[in-house]
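Working notes, beginning with the structure itself.
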2 protein chains.
Amino acid sequence: MLETTRKRKVYQAILMEINRIMKEDNLRPGDRLPSERELSERLQVGRSSVREALRALELLGLITTRHGGGTYVQHYRHNKLIDILGYYILRDYKTKRDLIEMRKLLELDAVRLACKRATDKHFEEMERILEASEEKIRQGIVPTEEDYKFHRIIARSSRNSLLHRIWAPIVEYSKTIREDSLSREGRPEQAVKEHRGIMEAIKRGDVAESEKRMAQHLENSKL
Amino acid sequence: MLETTRKRKVYQAILMEINRIMKEDNLRPGDRLPSERELSERLQVGRSSVREALRALELLGLITTRHGGGTYVQHYRHNKLIDILGYYILRDYKTKRDLIEMRKLLELDAVRLACKRATDKHFEEMERILEASEEKIRQGIVPTEEDYKFHRIIARSSRNSLLHRIWAPIVEYSKTIREDSLSREGRPEQAVKEHRGIMEAIKRGDVAESEKRMAQHLENSKL
DNA sequence: GGATGTGAAGTGGTCTGACCACTTCCACGG
DNA sequence: CCGTGGAAGTGGTCAGACCACTTCACATCC
């Protein structure tokens, strides 16, 4: 039986046990965990308690469960902690100013890092996105999605996954509180030009210039 | 019955429902949630499913449950994401690098804003903290707490509470993955000097200088 | 009146057994 | 040889039971 001596609840003890099992059996991401019924029996606890522990791990994205198929270890990078944190931090957030400003800070941080770390693959992707934007504009479609993707690839080229993961929910949320400036006449064309300018500056590794251009671009993007 | 049309699992739907209930009833931190049995009945689901949802929220520290006493909303600042983050992804090398870097970015962002927004109250607080640090050093105590407080007051003087909210858990967590450099001989004295230099630069509103000093300080703080 | 004790009701904690839905896999029949 | 159907295994959910603990009103005592 699990150490119920400590006032820890059973499901918390099970969390530890599962962690131990994962270590002892050297389970790697993608491997399958013992079934709920087996865990229940091995640990001498009810299946419901096992499930409570597993649900917690699932919520965190540390495991995945497939109905009828089993429970599997997931790679750490898939964990949803940041997203959840973001969700709850931003949830009751009211001050638009702080949010917009935070976005700007992150975008600028990203662009600075990108100057030093962006690879050819990133530049190719940027190019593709810009071309897709231009194509959509020719067709009279507002390239909202491409605009987002361009900023995202910059966040990615910072090659700091934490920065990218903090950036994502903030941008997501700030989209909801402010109108899309791309709907303004002539703005999409201008935005693409600015994007291209930013990309070129990053390519040259010119931190000051790319920073300046990004700041200007964000400024212009306000409705 | 909950929308089982979406392939979402019941406990995930319940998470949403609980969120809705918290909003509709305008539940504030400290308030009590409906009991498990009541939720079970109101939502027409099994109590075990309700529990799975509640356990997930509890793991995140968003609610607390008191055996026999009920379930209560907790302030988000009590969330345990940091601990879990540390517990499960502590060994991921790449994540560590990103985390340290992210901290640096946020501290620099904070110091830049502080140059423009710090008030006399903030400076008085910094002064108090620095004096407390010096006092502890005189007593032969390592001023770990004061070090943290100094950085926090800078984050606060950015006057962007979102920045502060993101900053806090990042710093909290990075403390756990790197040794405290303050234990190094002579380091506390040096750190206080650097803090003072940063403060002075902020007072002058000298963005470049305070940024530079903060960067240097963080660099020196590595063990 | 106020402090104290007590018991019923309410609540979370856990286990069991049942049934359903889905996946996996192998033996059987083509 | 291939597919195919079905049994076995697994997660998803529910209902009911019992225990441990808290709360609170009410009775009791000083």
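The chains referred to below are lettered A, B, ... by the order of the sequence lines, with proteins before strands, and numbering in each begins at 1. These numbers come from the heavy atoms of this one structure, side chains and all, not from hydrogens, waters or symmetry mates.
- A:R187 meets the salt bridge (Lys or Arg N to Asp or Glu O under 4.0 Å) test with A:E194; sequence neighbours excluded.
- DNA chain C is contacted by both B:L54 and A:R66; B:L54 maps to the nucleotide lying nearer its 5′ end (nearest heavy atom per residue).
- The separation between A:E52 atom CD and D:dT13 atom P is 14 Å, rounded to whole Å.
- Straight-line distance from the CG atom of B:L39 to the C1' atom of C:dG12: 12 Å, rounded to whole Å.
- Note: CD (A:E58) to P (D:dT10) measures 18 Å, nearest angstrom.
- Distance, B:L33 CG to C:dG12 C1': 13 Å, rounded to whole Å.
- Nearest-nucleotide assignment on DNA chain C puts the 5′-proximal partner with B:T65, out of B:T65 and A:Y72.
- We find that CD1 of B:I63 is positioned 14 Å from C1' of C:dG13, with the value rounded to whole Å.
- Atom CG of A:L43 is separated from atom P of C:dC15 by 10 Å (rounded to the nearest Å).
- Without hydrogens or angle criteria, A:R117 side chain to A:S157 main chain gives no donor-acceptor distance under 3.5 Å.
- Going from atom CD of B:E38 over to atom P of C:dG10 covers 12 Å, rounded to whole Å.
- Heavy-atom neighbours of B:K104 NZ from other residues, nucleotides or ligands within 6.0 Å: at or below the threshold of 12.
- The side chain of B:S49 sits closest to D:dT13 out of D:dG12, C:dG13, D:dT13.
- Salt-bridge annotation for B:R138 and B:E135: present, with a side-chain N of the basic residue lying under 4.0 Å from a carboxylate O of the acidic one.
- Salt-bridge check for B:R55 with B:E58: passed, with a basic side-chain N closer than 4.0 Å to an acidic carboxylate O.
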Inset, instruction - Could you walk me through whether B:H122 and B:T119 pass the side chain to side chain donor-acceptor pair (under 3.5 Å) test, one step at a time? - result: CA-CA 5 Å; B:H122 293 126; B:T119 66; 3.2 Å; yes
Inset, instruction - Summarise how protein sits on nucleotides 15-20 of chain D as a single string, 5' to 3': B when a protein heavy atom is under 4.0 Å from the base, S for sugar-phosphate-only contact, - for no contact. - result: --BB-B
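- Applying the 4.0 Å criterion to OP1 and OP2 of C:dG13, one finds that B:R55 has a side-chain N or O inside that range.
- Under the side chain to side chain contact (heavy atoms under 4.5 Å, CB included) rule, B:E146 has a single partner from B:L130, B:I137, B:I129, which is B:I129.
- Taking atom CG of residue B:L57 and atom P of nucleotide C:dG12, one finds them 13 Å apart after rounding to whole Å.
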